Amino acid sequence: MGNADLRSLAALSEISFEELSGSVVAVDAHNWLYRYLTTTVKFTREEAYTTDSGEEVANLIGLVQGLPKFFEHDLVPVFVFDGGVTDLKDDEVAERRAAREKAEELKADAEERGDAVAAARLEARTQRLTDVIHETTRDLLELLDVPVVEAPAEGEAQASHMALRGDVDYVGSEDYDTLLFGAPYTLRQLTSKGNPELMDLEATLAEHDITREQLVDVAILCGTDFNEGLSGVGPKTALSAVREHGDLWAVLDAREAYIENADRVRELFLDPPVTDDYEFDTDISPDVDAARAYVVDDWGVAADEVDRGFERIESSLVQTGLDEWT
DNA sequence: AAATCAAC
DNA sequence: GTTGATTTG
């Protein structure tokens with residue numbers, strides 16, 4: 001199962017923050033938080049991200065540490081929140097729940113053995129995005145005046161739709177799904193060190209001389225979040241098969257194979273539930289003091305975890321303010 | 001989570 | 001080329 005490994009097919013290139021200055025980037029909130037919670041935050045210093053009262057605040061710290069990158073480079077993030085779960089994804093959700101429960105069991109075992117390292121690793125797997133995390137994330141974004149859009153379903157699909165309509169310049173994501181959802185340009189590694197990476201849909205299609213429909217077919221053949229791919233079929237095999245036979249159905253026919261829900265998965269990528277009913281203002285003026293008070297006073301985050309982040313946000317605001325006068 | 005490596 | 005395990009960040 002699992003995700004299509006489209007990396008080897010994607011047209012990627014480096015891009016500098018200078019070139020991106022002034023752009024608006026739609027970020028899938030779920031993905032952004034999930035990645036942040038499971039990688040940067042959880043591994044080493046788990047204690048720091050849980051308050052004395054036992055509240056999970058890693059998301060708040062993650063935002064305060066991650067957002068300055070946007071502000072400092074004059075990039076405006078628009079956070080897109082997931083709507084209801086697609087029914088197709090029920091399987092996936094159930095699977096994740098099972099995986100989580102399993103991980104929780106293993107973690108309990110590890111703790112019993114006194115194996116702290118193993119327990120910490122497993123903790124990452126038990127991680128989930130709770131309602132509290134979603135709500136506090138929204139609250140903090142609001143205080144920082146960061147635009148938020150509600151997706152009817154998949155955040156990635158909505159973000160891609162907004163990019164297709166030209167309402168944002170880029171989608172910010174680490175996933176390759178945005179290619180399938182039709183996002184013209186996706187930015188990767190926006191919060192890591194070094195330059196971001198630009199993923200170009202048109203260049204990807206041109207490079208392999210295929211259409212977006214065919215790219216979706218390739219992905220379905222290798223497996224996506226929504227369907228099991230054919231075993232033994234990876235990106236290379238899928239690509240040449242689609243190029244040879246034309247589309248998914250012809251490939252399945254030729255290989256006498258069957259993929260559950262293939263038609264619906266295809267539809268989901270090519271014509272996902274999205275909305276034009278959104279509105280946001282990219283001229284943002286964060287209330288840094290209120291944000292700091294919210295994080296430190298209301299939620300009990302240690303001040304030294306967020307001081308630097310808030311300082312960076314503050315000084316980036318001064319900077320852009322000056323730019324307007326020069 | 002990405003890169004590398006071994007096995008099929 | 002694909003997959004699974006492994007390591008490192």
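Please read these numbers as outputs of a predicted model, since none were measured by experiment. Order of the sequence lines sets the chain letters (A, B, ...), proteins ahead of strands, with each chain counted from 1.
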Is there a side-chain contact between [X] and the phosphate of [N], meaning an N or O under 4.0 Å from OP1 or OP2?
X        : N     : answer
A:Arg188 : B:dA1 : no
A:Arg7   : B:dA3 : yes
A:Thr237 : C:dT2 : yes

[atom1] of [X] versus [atom2] of [N]: gap in Å, rounded?
X        : N     : atom1 : atom2 : result
A:Glu174 : B:dA3 : CD    : P     : 11 Å
A:Leu190 : B:dA1 : CG    : P     : 17 Å
A:Leu12  : B:dA2 : CG    : C1'   : 13 Å
A:Leu6   : B:dA1 : CG    : C1'   : 16 Å
A:Leu239 : C:dT2 : CG    : C1'   : 15 Å
A:Leu221 : C:dG1 : CG    : C1'   : 15 Å
A:Asp5   : C:dG1 : CG    : P     : 13 Å
A:Glu228 : C:dT2 : CD    : P     : 16 Å

Give a yes or no on whether a salt bridge exists between A:Asp263 and A:Arg266, defined as a side-chain N under 4.0 angstrom from a carboxylate O.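 So A:Asp263 does not pair with A:Arg266 through a salt bridge.
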Under 3.5 Å, side chain of A:Asn227 to main-chain N/O of A:Ala262, donor-acceptor pair present?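 Not confirmed, A:Asn227 side chain does not pair with A:Ala262 backbone.
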Which atom of A:Ala254 lies closest to which atom of A:His245, heavy atoms considered: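 Closest heavy-atom pair between A:Ala254 and A:His245: CB-NE2, 3.3 Å.
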Taking atom CG of A:Leu141 and atom CG of A:Leu67, what is their separation to the nearest 0.5 Å?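 Taking CG in A:Leu141 and CG in A:Leu67, the distance rounds to 6.5 Å.
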